[in-house]
Each structure stands twice: as C-alpha cells, then as structure tokens.
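To start, the structure itself, in structure tokens.
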Number of protein chains: 2
Amino acid sequence: MSAGRNTLDDVVRAAARLFAQRGYHGTSMRDLGRELGLMGSSLYSHVGSKQDLLVEVVRRGAAFFGEVVERAMETEGDAIDRLRALVAGHVDVVVDHHDEVRTYLYEAWALDDEHRRRVVEARDRYEQAFRSVIKEGIAEGSIRPDTDPKLAGIFLLSILNALERWYREDGPVDRSRLVEEILRFSLDGIAADRL
Amino acid sequence: MSAGRNTLDDVVRAAARLFAQRGYHGTSMRDLGRELGLMGSSLYSHVGSKQDLLVEVVRRGAAFFGEVVERAMETEGDAIDRLRALVAGHVDVVVDHHDEVRTYLYEAWALDDEHRRRVVEARDRYEQAFRSVIKEGIAEGSIRPDTDPKLAGIFLLSILNALERWYREDGPVDRSRLVEEILRFSLDGIAADRL
DNA sequence: CCTACCGATCGGTAGG
DNA sequence: CCTACCGATCGGTAGG
C-alpha cells in the first residue's frame, strides 16, 4: 500500500498476517505477492523459500516471549510480582504481535524437524519460567503448598495463549484490567469464600 | 489396515485423524487414500468433495460438545454440580474424540461461510452454558458476586480447550484427578489464604 | 521486480 | 474401488 519497493521486513510481516489468517499451507506465494502488490515469483529476491518465511515469522514470535521471561525474572519483589510481570508481558505480546504469536502457536508444526524441535524447546523453557515462579511462591508462602506447579502453570498458560483467539483491545476490557482479571481468577478463583 | 472395504465412517475417521495432524489444507485426498489403502480418486465414491469431509468431521466435533451441555444442564444439585458436569463432560470429549475436537477447534475456519457461521453459533451457545451456570452460582451464593461471568467462562473454557494440546490419558494424571484439579484451580485459585 | 516458464501436485471426473 | 485423465495451481528457477 505504501510507495516504493518492499523491504524484507514488509515481506515477513505480510507473511505473518497471511499465515495467521489462513495457515501456512493455506497461503500461497502468489497470495503473498498479491498482498504486497507484486508477482509471487518476485518474492524469491527477498527470501530463499516459503519455508524460510515460516522460520522467520516463528522465530520472531518465540523471541517476543523470550524477552517477556527475561524482563519478568529481573522484576524485584516477591513471586507474585514476577507472576504479574509474566502475565502482563504475555498480554502485551499477544496484543502487539498478534500475527507472529498466532503463527508461532499454531503453524510451527509445519516447520522441518530441526526448527520444530527448537520451538518445542523454547516453549518448554517458557513453561518452566511459570513453573519456577509458582514454586517460588510456594516457598515464600504466597501460593498454596498443595498446588501442583506443573498443572497450575499449564492452566495459566492456557488462559494466556487463548487470548489471541478472542481478546481485542478495542473491546470493553482494557489491557490492565485483563491482566488483573487473569491474576484474580488464577490466584483467588471464583468460588465464594467458604466459611 | 482391516480387511474388506472401507465404510463412510472409516473415511470420516481417517479424515479427522489427518486434518487434526496436518490441517485441512495440509492434507490431500491422495494422503487420505493412502491412509485407507486406496487411490485418492476412489474416495469420491464415498464423499462428494474434500470440503464435505471437513463439514462432517466438524459436525461430529460440535455434536459431542452439544451433548455435554445437554447432560450437564439436566444434572440435579447446585450450580457447582452442573459446573463439574460441564468440566467432566468436556474432558471426556477431548480425550475420547481428540481428532474431531482438534479439527472442530482449529480447522473450522477453512469451511465455507455458511458452515463456519454455524460453528461460531454453536461455540457461542456452548460458552453461554458456562456463563449461565456461573450466573446461577452467583445467585445461589456459591460463586463470588464480583465475578465477571463472561470472562470467567472464557478463562475456564481456555483451560478446557487447551487440554487437547497436552493432556494424554496414559500420563501421570488420570481423568478424574484432572477434572478436580481444573475445578480447584478455577474455584479456589492457587493463592495461599490471605488472613 | 517482471516475464516466461518448469515439473509436481492438487481436487475432481469419466468410464468401467 | 481402479485406471486414466482433466485443468488449475503449487513452489520455485532463469534471465533480464
């Protein structure tokens, strides 16, 4: 839509958009060319293959989440503060980089074995961060000692990853309220206090 | 793998398996034929088109969840009992009909407009069931009155829908414990009691 | 970034 | 359920 030639970054962003919308196998190089106003074959002056594009989009998605963990782990305070930083950071990434996140979450299976393996590793590390913060919380007494850190981590991550499917910032819930609602649900649950 | 000719049901089940594994656009009719031990073109004596297969797999997935709501709503007792029935029923469907569920959740976007519209409606009705049980719980005093039924319903459903991605029944957590862990997380949260 | 093209594969049909 | 095939589209290349 803008004037002049497309940069590699334009191509990768458009690929993220289409991969997120119709999936990797549902997107052809000619579709992507149309999106950028050029012939499908012209894309090969920017990129070596369609698979390379998927690799790069997924790499960007993974990198955003990697930064979330880094920043959250540096957060001063107790485990709940770090948990809040993880949740807030995750929400920011999902909202600000929706297409890369969606491709990272749902199209990584279309990668070759080696790249897919790396994605699985990155996800494990990410899950591990949630798990260790929960363990920290148990140790310091802010989280219930009978909590299963693995299950609790998966449940919280399930809520966070699903945001991409329904949350839109122009809706009735703003970002900071969303973060508090997720923390409230996960920390306190929805049951009335049982006396 | 079994002797004799394939039935329509065999074809639909194999389609569910491949659609779940590689996606609708990642599965060719020849792939599906290979899975069943016949030529891709022979599938057209069982089915009118590839799209028809997707429609049928998705329809089955939707039907399983429809039955969960029906049974749960007939459950005697209070709102928490009905919520437990929804969670247990959902877990059963995900475990027992994994491929149909996965296709229903992640490949329905590849349907034509009319069928996709119906899927969106079915999902809305399903979400609505969770929401009304939560409202019931608020009215009867078992669920905290400041709970947002819409958000809480989405959060719980996020946990349930994500099960398909990680839960395997041959792992360390059995079905009934999984149900109790999900209910515990959602109802009580993981925070230590704040005095 | 385009034109002109390649072999492979796609969903699907005709006829048996 | 198979053989033989159809036109369309796929990812990608050569040469400019």
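Below, read A as the first sequence line, B as the second, and so on, with proteins coming before strands; counting in each chain starts at 1.
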Rounded to whole Å, the CG-P distance (A:Leu38 to C:dC1) equals 5 Å
Would you indicate whether the side-chain heavy atoms of B:Arg177 and A:Asp148 approach each other to under 4.5 Å? yes
Its contact letters, B for base, S for sugar-phosphate only and - for none at protein heavy atoms under 4.0 Å, make nucleotides 3-14 of chain D read BB-----BBBB-
Testing the 3.5 Å rule here: is there a donor-acceptor pair between the side chains of B:Ser142 and B:Glu140? yes
Pairing partner (Watson-Crick or G-U wobble, both distances under 3.5 angstrom) of C:dG16: D:dC1
Does NZ or CZ of A:Arg123 fall inside the cone over A:Phe65's six-membered ring, less than 6.0 Å from its centre and within 45° of the axis? no
Taking atom CZ of A:Arg22 as the centre, does the number of heavy atoms from other residues, nucleotides or ligands within less than 6.0 Å exceed 12? yes
Just checking, is any N or O donor in the side chain of A:Asp9 or A:Thr7 under 3.5 Å from an acceptor N or O on the other one? no
